[in-house]
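Scroll down for the structure; my scribbles are underneath it.
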Amino acid sequence: MRGAPELAEYNILLVEDEVLERQAVRFILENRCSAPIKIVGEAENGFEAVRLAEELKPDILLLDIHMPGQSGLEVMRQMKQAYSSMSYIIFTAYDEFDYALEAINNGAFRYILKPAKPEEIVSAVENLVRNLAHREKKIKAEEKLKQQLQSVIPYIEASLVTDLLSGNMLPEKDIDNRLQFLGINEKPNCCLVADICNFSQTIEGFNEIQTQDLKNKVFKIIKETVNAYHPSIVVPYGSDRIVCFIATKQNSLKLIDLAEEISQNVNKNTPVTVSIGIGETFDKINNLRLSYFQALEAEKTATNMLGNNTILHFSHIKHLRQPDSDYPYEIEKQILELVRLGDAKETTKALNQLIEELFRKKIALKEIKARLDQLFILLTRTLIHAGANSKDVENIRELALTQLLQINNFPEFKSWTENVVQLFINCLYRDKQIFSSEVIDKVCEYIRNNYYKDINLYQLARLSFLHPNYLCQLFKKNKSCTISQYLTNIRLKKAQEFLATTNKTIAEIAQAVGYKDANYFSRIFSKHLGMSPTQYRENNLK
């Protein structure tokens with residue numbers, strides 16, 4: 001078979017055990033056939049035919065049925081399994097119906113009886129070549145059409161999303177036609193919004209190509225992750241947001257699991273993280289607009305209350321949508337931050353203050369319990385992202401809710417809050433030592449691999465999913481030095497290697513280890529090693 005599209009000929013392998021017969025057929029085809037053909041080989045038996053066919057990969061096999069070793073029909077059967085596009089013309093002296101029938105059933109284009117007129121052989125080959133050329137032209141046309149359709153699919157997806165989000169009430173038939181064109185058989189009923197965290201800070205120093213490449217990587221990861229589970233439409237929407245319209249029958253917990261997988265895949269394969277909001281599911285596709293705004297609100301609430309790289313389903317924050325000046329939102333936000341820091345005493349104090357405020361404002365007991373249940377959902381997400389075991393946290397939340405339902409007055413609340421907060425904090429710190437060690441190891445590895453870059457605290461905080469101040473405390477406790485000191489030590493060790501083993505200039509070495517100013521590098525080097533870079537090189541040059 002032709003390996004390169006620029007070749008005009010259709011390659012033929014002649015398979016015939018009679019030498020004179022092969023020579024005659026070859027002479028006829030090479031001198032009388034007007035089709036673009038080339039005879040690339042000859043075989044005198046079935047075994048040689050298989051070997052040459054595998055080696056030369058011809059477009060056409062012109063072969064006899066009865067030959068030493070394997071028969072022509074056996075060669076056909078073997079070749080069809082390995083090379084489905086190969087074509088065959090049977091050339092034989094046996095006028096038997098069974099042979100002809102099997103040859104045709106195995107895909108032979110023509111069954112020619114010996115002795116055959118030259119015109120019959122030529123006609124069979126020319127007709128087969130015309131068929132192959134027509135088939136090839138049709139395949140190319142179909143491929144071209146597919147490519148053209150692929151190029152417009154993103155436009156159709158974006159157009160459908162824009163129409164649905166703009167509030168246009170599209171006819172069901174119009175929506176169905178577009179979904180069918182996109183290969184989606186189920187109507188999307190839920191929206192997921194992923195927002196790239198601190199995107200503007202991340203792309204500082206990027207050119208436009210680098211910026212778009214990063215956005216495209218995040219988009220592809222999200223699209224592949226979602227499509228692995230649900231029929232969906234995934235489109236970039238705005239500068240740093242990806243919108244997913246999902247056809248799903250899963251509950252909110254399963255969708256949160258999907259969001260967790262998206263978050264992990266983005267974090268693992270790119271230098272950024274995403275915060276994700278999930279809207280509720282609706283029966284009618286025209287209600288996806290509402291699901292989108294719910295997902296957007298959930299994502300913003302998650303970022304404001306829990307920080308970056310967080311996930312929230314709208315059902316967990318429904319109560320926040322109600323215009324309610326009586327609810328102490330600032331205290332709730334403070335509680336989430338105190339839990340993240342593991343401060344049991346201050347968390348208990350803030351939680352009691354929140355409950356006291358609700359009682360003072362004479363909010364119904366049932367409403368207070370509903371508010372606290374929603375707060376525990378936010379607490380659960382906060383603790384999991386801070387390193388607590390998810391199963392442990394969920395078990396504590398269930399226990400807290402069971403106890404909460406039995407409380408009837410404020411004194412009982414005070415006793416309950418102290419126990420519940422301690423359980424949550426213990427859950428965070430049960431594996432905290434292991435978690436802290438893993439986080440710091442990850443930060444150290446990043447510094448060792450990127451010491452030559454302009455590393456800052458906020459980059460490392462995003463990497464570790466911790467507040468910058470808390471990361472500093474944790475790092476110093478774990479490594480007995482600050483992050484800045486650790487980075488400096490790594491850079492100076494690498495500088496020593498360069499000085500002792502290369503001919504790089506001091507300025508080149510400064511740049512290579514992350515210092516833009518060679519004079520500043522020399523001062524830091526002298527301060528820590530008690531000698532200048534030049535003196536160190538003279539003492540240690542190998």
Side-chain angles (χ1 to χ4, degrees), residues 161 165 188-200 202 214-248 250-282 288-318 320-321 336 340 374 377-387 390 393-394 461-466:
V161 169
L165 293 186
N189 57 357
C190 174
C191 183
L192 180 150
V193 169
D195 211 47
I196 304 176
C197 304
N198 299 322
F199 187 67
S200 57
T202 303
L214 176 57
K215 288 167 63 175
N216 190 46
K217 282 181 181 177
V218 175
F219 166 71
K220 284 185 175 180
I221 290 169
I222 294 174
K223 188 179 182 72
E224 289 172 5
T225 305
V226 174
N227 283 339
Y229 296 96
H230 305 282
S232 62
I233 302 171
V234 183
V235 298
Y237 204 74
S239 61
D240 49 10
R241 182 176 300 144
I242 291 95
V243 172
C244 310
F245 282 174
I246 302 172
T248 180
Q250 303 286 4
N251 58 31
S252 61
L253 294 178
K254 289 293 185 181
L255 290 172
I256 288 173
D257 288 341
L258 172 63
E260 288 281 7
E261 186 172 342
I262 292 172
S263 176
Q264 291 169 10
N265 289 344
V266 171
N267 180 41
K268 180 180 178 181
N269 296 289
T270 74
V272 298
T273 60
V274 289
S275 286
I276 299 174
I278 308 166
E280 295 182 305
T281 57
F282 293 90
L288 275 175
R289 182 170 184 262
L290 178 55
S291 187
Y292 165 75
F293 286 114
Q294 290 177 344
L296 198 60
E297 188 170 350
E299 182 275 316
K300 289 180 178 178
T301 303
T303 301
N304 291 335
M305 288 191 161
L306 307 176
N308 291 328
N309 191 38
T310 50
I311 297 164
L312 204 57
H313 194 283
F314 179 77
S315 63
H316 296 161
I317 58 163
K318 268 187 174 181
L320 299 180
R321 297 184 75 248
L336 295 171
R340 188 199 300 267
Q374 296 297 324
I377 292 172
L378 298 177
L379 280 173
T380 299
R381 308 300 312 163
T382 300
L383 288 166
I384 291 172
H385 280 282
S390 58
V393 177
E394 290 290 351
R462 288 198 298 272
L463 176 72
S464 59
F465 313 121
L466 296 175

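What's counted below: heavy atoms across the whole structure, side chains too, no hydrogens, waters or symmetry copies. Source: prediction; values computed, not measured.
- Of the possible polar contacts, one joining the Q294 side chain to the E280 backbone as a donor-acceptor pair under 3.5 Å is found.
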Verdict with reasoning, V193 to C244, per side chain to side chain contact (heavy atoms under 4.5 Å, CB included): CA-CA 6 Å; V193 169; C244 310; over 6 Å; no

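- You'll find the side chain of T273 stays beyond 4.5 Å of the side chain of V266, heavy atoms only.
- At distances below 3.5 Å, not a single donor-acceptor pair connects side-chain atoms of S263 with backbone N or O atoms of A259.
- Within the model, atoms OG of S315 and CD1 of I256 stand 6.5 Å from one another, a figure rounded to the nearest 0.5 Å.
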Would you mind writing out the side-chain donor-acceptor pairs for residues 218-226 within the sub-3.5 Å range, not counting sequence neighbours?
| residue | atom | partner | partner atom | Å |
| --- | --- | --- | --- | --- |
| T225 | OG1 | I221 | O | 2.7 |
| T225 | OG1 | N265 | ND2 | 3.0 |

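- The structure places NE2 of H230 at 4.0 Å from OG1 of T248, a figure rounded to the nearest 0.5 Å.
- Looking only at side-chain heavy atoms (C-beta outward), C197 and V272 stay at 4.5 Å or farther from each other.
- Using a 4.5 Å heavy-atom cutoff, the side chains of F282 and L288 are not in contact.
- Atom CD1 in I196 sits 10.5 Å away from atom CZ in R241 (nearest 0.5 Å).
- I311 has its side chain within reach of E260: a pair of non-hydrogen atoms, C-beta onward, lies under 4.5 Å apart.
- Taking the salt bridge (charged side-chain N to carboxylate O under 4.0 Å, His left out) definition, one finds that K254 meets it with nothing, sequence neighbours left out.
- To the nearest 0.5 Å, atom CD1 of residue I276 and atom CG of residue D195 are 10.0 Å apart.
- Atom CG of N216 sits about 9.5 Å away from atom CG of L214, to the nearest 0.5 Å.
- Remark: side-chain polar atoms of T281 are not paired, donor with acceptor, to backbone N or O of N189 under 3.5 angstrom.
- Proximity of F314 to I278: side-chain heavy atoms (C-beta onward) are nowhere separated by under 4.5 Å.
- Taking both residues in full, the closest heavy atoms of F245 and C191 are given as CE2-SG, 3.6 Å, listed atom of the first, atom of the second, then distance.
- The nearest pair of heavy atoms linking G279 to C190 is O-SG, 3.3 Å.
- Here the straight-line distance linking atom CG of N309 with atom CD of Q264 works out to 9.5 Å at 0.5 Å rounding.
- Under the rule for a side chain to side chain donor-acceptor pair (under 3.5 Å), the partners of S232 that lie at least two apart in sequence or sit in another chain are N227.
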Step-by-step side chain to side chain contact (heavy atoms under 4.5 Å, CB included) determination, I242 to V234: CA-CA 7 Å; I242 291 95; V234 183; 3.5 Å; yes

